[in-house]
Amino acid sequence: MKKILVTGGAGFIGSNFIHYILDKYSNYNVVNLDLLTYAGNLENLSDIENNKNYKFVKGDIANRELVYKLFENEKFDIVVNFAAESNVDKSVINPGIFIQTNVVGTQVLLDAVNKYKVDRFHQVSTDEVYGDLPIEKTDLFFTENTPINPSSPYSASKASADMIAQSYFRTYNTPLTISRCSNNYGPYQFPEKLIPLMILNAIDDKELPVYGKGINVRDWLHVKDHCSAIDAIIHHGKIGEVYNVGGNSEKTNIDVVKIILKELDKPESLIKFVKDRPGHDLRYAIDSSKIQKELGWTVKYMFEKGIKETIDWYVDNYK
Ligand SMILES: Cc1cn([C@H]2C[C@H](O)[C@@H](COP(=O)(O)OP(=O)(O)O[C@H]3O[C@H](CO)[C@@H](O)[C@H](O)[C@H]3O)O2)c(=O)[nH]c1=O
């Protein structure tokens with residue numbers, strides 16, 4: 001048996017990852033440490049709440065006492081850190097909680113990993129640490145060697161956590177890896193992010209607020225592809241390394257919104273162009289060739305298929 005701590009497991013990506021691990025590995029015990037902030041929802045895990053290989057603990061990764069006690073009692077083999085404040089718009093209004101959870105919380109986990117000699121720590125990070133790329137230069141991509149250049153308080157907090165993790169690897173030989181993913185979509189995403197918000201507004205015939213002119217580009221990664229990438233990294237990734245994980249599906253925001261409206265048979269007149277996000281990143285585009293070559297990981301979901309399934313999921317789980 002192996003014991004894995006998943007932090008932020010009641011959130012969107014964390015809950016998908018817990019499902020993925022329990023489905024794939026019958027010899028894994030999963031402990032889910034989650035503070036249950038507004039974005040965490042235990043209903044995401046209601047189908048496995050009685051699984052004998054799963055346990056939920058409510059708590060904050062930045063609470064050193066609680067974290068140390070948990071590590072002492074559970075003796076984890078692997079720790080995967082999904083816990084984070086992740087909403088860029090909220091970070092513009094209230095940056096403090098982003099520093100507390102994303103930076104201090106990660107540092108507490110890293111200290112616990114060292115103190116209790118955990119075999120492996122994985123930090124789930126974001127392509128936003130690289131800043132952005134010009135929209136028109138479609139031949140430019142972020143690689144793992146692209147300098148860190150974050151734009152928002154959110155991305156700056158994630159970049160800080162990555163750098164602290166890298167310093168722990170260099171200074172203490174902490175056995176860790178980092179992944180930087182592009183925009184995730186799929187079931188269980190909290191409807192504050194572009195895709196679920198637009199799906200639910202369209203179902204309700206409400207306006208779809210598109211920032212600026214809707215020309216910003218994001219690379220859409222299905223959450224299940226993200227889970228398989230993290231699985232590959234925690235089991236086969238090289239300690240101390242960063243791996244980019246992209247979806248190979250670049251789209252402008254307006255195109256995404258129009259695809260959703262078309263799938264739901266709703267009129268484009270629901271689109272409302274609104275004030276742009278301050279400091280809005282133009283384009284994220286990620287080169288995932290390292291994880292493909294070194295770990296044999298590939299994207300399985302093309303956007304056209306993934307978005308249809310995601311829309312169906314929100315229609316079925318509307319309530
Ligand atoms: C919520 C919302 C968003 N947008 C735009 C802003 C962005 O260009 C794009 C996607 O916005 P969001 O869904 O907020 O995601 P974005 O800012 O790209 O960041 C996401 O993707 C990142 C990975 O790239 C993650 O690290 C972040 O945690 C995650 O929130 O859609 C709109 O035009 N209207 C909206 O109402």
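Quantities reported herein were computed from a predicted structural model and do not represent experimental measurements. Heavy-atom basis, side chains included; hydrogens, waters and symmetry copies ignored. Indexing begins at 1, ligand by ligand and atom by atom, following the structure's order.
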Of all residues at least two apart in sequence or in a different chain, which pass the side-chain hydrogen bond (donor to acceptor under 3.5 Å, both in side chains) check with [X]?
X: Tyr20; result: Asp231
X: Asp255; result: Thr252
X: Lys258; result: none

Could you check whether the rings of Tyr116 and Tyr68 sit parallel, tilted or perpendicular, using 30° and 60° as the cut-offs?
-> perpendicular
Answer with yes or no after comparing the ring centroid distance for Phe190 and Tyr38 against a 6.0 Å cut-off, counting only values under it.
->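 Distance test on ring centres: under 6.0 Å, yes.
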For the residue pair Tyr243 and Trp297, is the inter-centroid distance of their aromatic rings smaller than 6.0 Å?
-> no
Kindly tell me which protein residues have any non-hydrogen atom under 4.0 angstrom away from an atom of ligand 1, grouped by chain and ordered by number?
-> Ser86, Val88, Thr126, Asp127, Glu128, Tyr154, Cys181, Ser182, Asn183, Glu192, Lys193, Leu194, Leu197, Met198, Pro209, Val210, Tyr211, Asn216, Arg218, Asn253, Arg277, His280, Tyr284
